[in-house]
Amino acid sequence: MKLRGRIAIAFITIITIPIIMIATVGSMIIKNQIISIQRTYNVDSNTIQVITNPMQLLNRVTRGVYNDIKLCALKEPEKLEDMDYIKRLNSELVGKYSFIVLRKGNEIAYAGDQVKFERISVDLPKFADYTISADGGIYLGGEYPCLIKQQDFYYQDGTEGSIFVVTDVNKLIPQLESSIIQCMIAFVLIIFLTAVVLTFWIYRSVLHPLRTLQVATNRIKSGDLDFTVQAEKDDEVGVLCEDFEEMRCRIKELIEVRMQYERDTKELISNISHDLKTPLTAIKGYAEGIMDGVADTPEKQEKYLKTIYTKAVDMTSLVDELSFYSKIDCNTIPYNFAKIYVDQYFTDCIEELGLDLEVKNIDVAYFNYTDDNVRVIADPEQLKRVVNNIIGNSVKYIDKKKGIINVRINDIGEFVRIELEDNGQGIAEEDLSNIFDRFYRTDQSRNSSKGGTGLGLAIAKKVIEDHGGSIWVSSKELVGTTIYFTLKKVEEDKEELNDLPEVGDNSNTKSRRDGDGKYRFFFLPAKDKSNKSEEDKLAQENSVKQKEKTKKSDNKNEIGGVKE
């Protein structure tokens, strides 16, 4: 239930429930008191009479005693001189908040309540001033209001006498006073209980969650984020609790990212110092060798200079990678998208890498299973960086005497999937989910022979995702690793792509596949797309055999060449 509805229910409840309960309890109390009045005073009465004409009821309360006195005054006046009889009559009136006063002449012979009598003694009527019926009486106001019934008679000695029945009007009817008190107590208790119930209900539904949020806020303020705020109700406060929990998770995530970033930064600085120290030490050593005359022959000097140049190139590459990483970190990578012919682009890209791979005794087999006119949307320069980073990473971890890298291009509908497979040492299963993280290296010992900052695959992942594709990996230790990534194909019916430039030309693709000239790579035609694994294996075997044949014929280190 929504908080608005609960407040409305609470408002209605706090008005209606007390009214209903007070009316019910009050009617029960008054009914019981009327019954008590009837029994106590031996009168027939009802609620309306008690409330509207209490004086009449008071007159009737003492009617029985007064009738006895009047009858006695008429027939046995001497009996009124008997104090025992007078006291007995007074005892009957005590429970009715009344008492007897007996006067003989101007002297008071008896007063059933001396204290109250003293307050009205001067106001007692004279002898034969009033003629009073059984249900009548004289009302005396003032400080002590009371109702008086008077009966005059003569003593045996001829002295005037009067006997009075005095009723305390302040008390009215004790049961009526008790009813009022009980109603007031019931009213207070009902209001109190209603307030307690509603307070507990509101506390449970509103204040308790707010208290939970307050405790959670204090814990966050003290730096503790390892807790959970659960929404107990599906209302505004519950939504607030859910939003607070999302905020807590987000803050915790940001803090963890920040801490991870700081750890990565420290590791980066350590990696940079490690990776720069080695080439700088080499440059310094070979430079000192030239300066000190250790390189005393032209051949040594040339070797030293080449080494210095190579180390400087490595340092330049490292600095470029760090510079590009800073752009990744700030999401400011510049992209110049174009429509690229897949076959020609990857053919040229892999041929460009072929010289370095040939020196490292690594064969490359290229398999294109797409049509000649397939194009993708990509930035040529950044896509080349991705391919270089992936292949460069494969090269670092190929420890076998004969390395093999297979490049496959597959058409999978709206995307083109590129597979880069090597026969390196593979990646442990527990490391697979982390290899695209920044600064992550499976070689935790940072063997100088491997090098690198751990940014290559992270850069590749970022670039591919910015191209709208995806990248993933599969690997098996001691067997090899395959990295896959996808690129979106050009949709001819999209007008927004018309302004993109085209890169490459597929006019000479067929001639290259037919073996036009010498090539260091074996290209498998995409005519037969069945049984790809057997074709890959056959291509690799042909590549090795062709290389051995080429070495014998022209003494050139060409891999998988195809002679005219």
Side-chain angles (χ1 to χ4, degrees), residues 316-317 319-354 364 366-394 405 407-420 435-438 453 455-473 482-510 512 521 523 526:
T316 301
S317 176
V319 171
D320 289 343
E321 192 172 57
L322 292 173
S323 175
F324 191 78
Y325 161 72
S326 67
K327 294 178 181 178
I328 283 183
D329 205 34
C330 300
N331 289 318
T332 57
I333 303 177
Y335 289 109
N336 297 308
F337 289 100
K339 294 181 284 189
I340 300 174
Y341 283 95
V342 172
D343 182 66
Q344 182 179 355
Y345 178 82
F346 281 97
T347 299
D348 296 340
C349 184
I350 295 173
E351 284 181 347
E352 197 173 304
L353 292 170
V364 178
Y366 172 58
F367 309 95
N368 180 18
Y369 300 104
T370 65
D371 294 334
D372 296 340
N373 59 348
V374 171
R375 295 175 297 172
V376 295
I377 304 172
D379 182 328
E381 181 179 351
Q382 303 302 344
L383 183 56
K384 184 177 293 186
R385 184 188 298 273
V386 170
V387 176
N388 289 347
N389 286 356
I390 295 174
I391 292 181
N393 194 72
S394 296
I405 295 178
V407 181
R408 302 184 186 89
I409 314 294
N410 295 279
D411 191 333
I412 56 171
E414 295 182 359
F415 292 86
V416 170
R417 185 181 67 214
I418 296 89
E419 304 174 12
L420 300 171
I435 66 166
F436 293 109
D437 294 343
R438 291 174 292 184
T453 59
L455 293 174
L457 293 182
I459 292 174
K461 182 175 185 292
K462 174 65 175 175
V463 171
I464 293 300
E465 288 179 349
D466 288 348
H467 278 65
S470 58
I471 186 169
W472 66 98
V473 63
T482 303
I483 293 182
Y484 309 83
F485 64 89
T486 60
L487 295 171
K488 192 170 182 62
K489 291 165 59 175
V490 174
E491 297 182 25
E492 301 297 341
D493 56 344
K494 292 233 176 156
E495 296 182 0
E496 60 268 24
L497 302 180
N498 294 337
D499 296 333
L500 292 180
E502 289 192 356
V503 175
D505 183 7
N506 66 338
S507 60
N508 62 342
T509 300
K510 188 175 185 303
R512 286 203 311 273
F521 310 101
F523 297 102

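Small disclaimer: the values here were computed from a predicted structure and weren't measured.
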Contact summary for Val342 and Tyr366, nearest pair of heavy atoms: O-OH, 4.2 Å
Salt bridge Lys489-Asp411, side-chain N to carboxylate O under 4.0 Å: yes
Expected output: side-chain Asn368 to main-chain Thr370 donor-acceptor under 3.5 Å: yes
Would Phe485 and Leu420 count as a side chain to side chain contact (heavy atoms under 4.5 Å, CB included) if you check the C-alpha gap in whole Å, the side-chain angles of each, and the deciding distance to 0.1 Å? CA-CA 9 Å; Phe485 64 89; Leu420 300 171; 4.1 Å; yes
List the residues meeting side-chain hydrogen bond (donor to acceptor under 3.5 Å, both in side chains) with Thr482, not counting sequence neighbours, and say none if there are none. none
Scanning both residues in full, the closest heavy-atom pair of Pro380 with Ile340 reads CG-CD1, 3.8 Å
Are Phe436 and Val473 close enough, and set up right, to give a side chain to side chain contact (heavy atoms under 4.5 Å, CB included), and what steps lead you there? CA-CA 9 Å; Phe436 293 109; Val473 63; 4.1 Å; yes
Excluding sequence neighbours, so at least two apart, what forms side-chain hydrogen bond (donor to acceptor under 3.5 Å, both in side chains) with Glu381? none
So, using side-chain hydrogen bond (donor to acceptor under 3.5 Å, both in side chains) as the criterion, who are the partners of Asp379 when residues are at least two apart? none
If you define the side chain from C-beta out and look only at heavy atoms, does anything of Phe367 sit under 4.5 Å from Ile409? no
For Ser470, what residues pass the side-chain hydrogen bond (donor to acceptor under 3.5 Å, both in side chains) criterion, not counting sequence neighbours? Thr486
For Asp466, check salt bridge (Lys or Arg N to Asp or Glu O under 4.0 Å) against everything at least two apart and list the hits. Lys462
For a 4.5 angstrom cut-off between non-hydrogen side-chain atoms, does Val387 reach Leu353? yes
Quick check for you: to the nearest 0.5 Å, what is the distance between Ile377 atom CD1 and Tyr335 atom OH? 14.5 Å
Ignoring hydrogens and geometry, is there a side-chain-to-backbone donor-acceptor pair from Tyr345 to Lys384 under 3.5 Å? yes
Could you grab the distance from atom CG of Asn389 to atom CD of Gln382, nearest 0.5 Å is fine? 10.0 Å
Once rounded to the nearest 0.5 Å, what's the spacing between atom CD1 of Ile390 and atom CZ of Arg385? 13.0 Å
With a 4.5 Å heavy-atom cut-off, do Val490 and Val376 have their side chains touching? no
Under the ring-ring contact (aromatic ring centres under 6.0 Å, His included) test, residues paired with Tyr484 that sit two or more places apart: Trp472
Is any side-chain heavy atom of Ile459 less than 4.5 Å from a side-chain heavy atom of Phe324? yes
Derivation of the side chain to side chain contact (heavy atoms under 4.5 Å, CB included) call for Ile418 and Leu487: CA-CA 8 Å; Ile418 296 89; Leu487 295 171; 4.0 Å; yes
Test log, rule side chain to side chain contact (heavy atoms under 4.5 Å, CB included), inputs His467 and Phe337: CA-CA 9 Å; His467 278 65; Phe337 289 100; 3.6 Å; yes
Backbone N/O of Asp343 and side chain of Thr347: donor-acceptor pair under 3.5 Å: yes
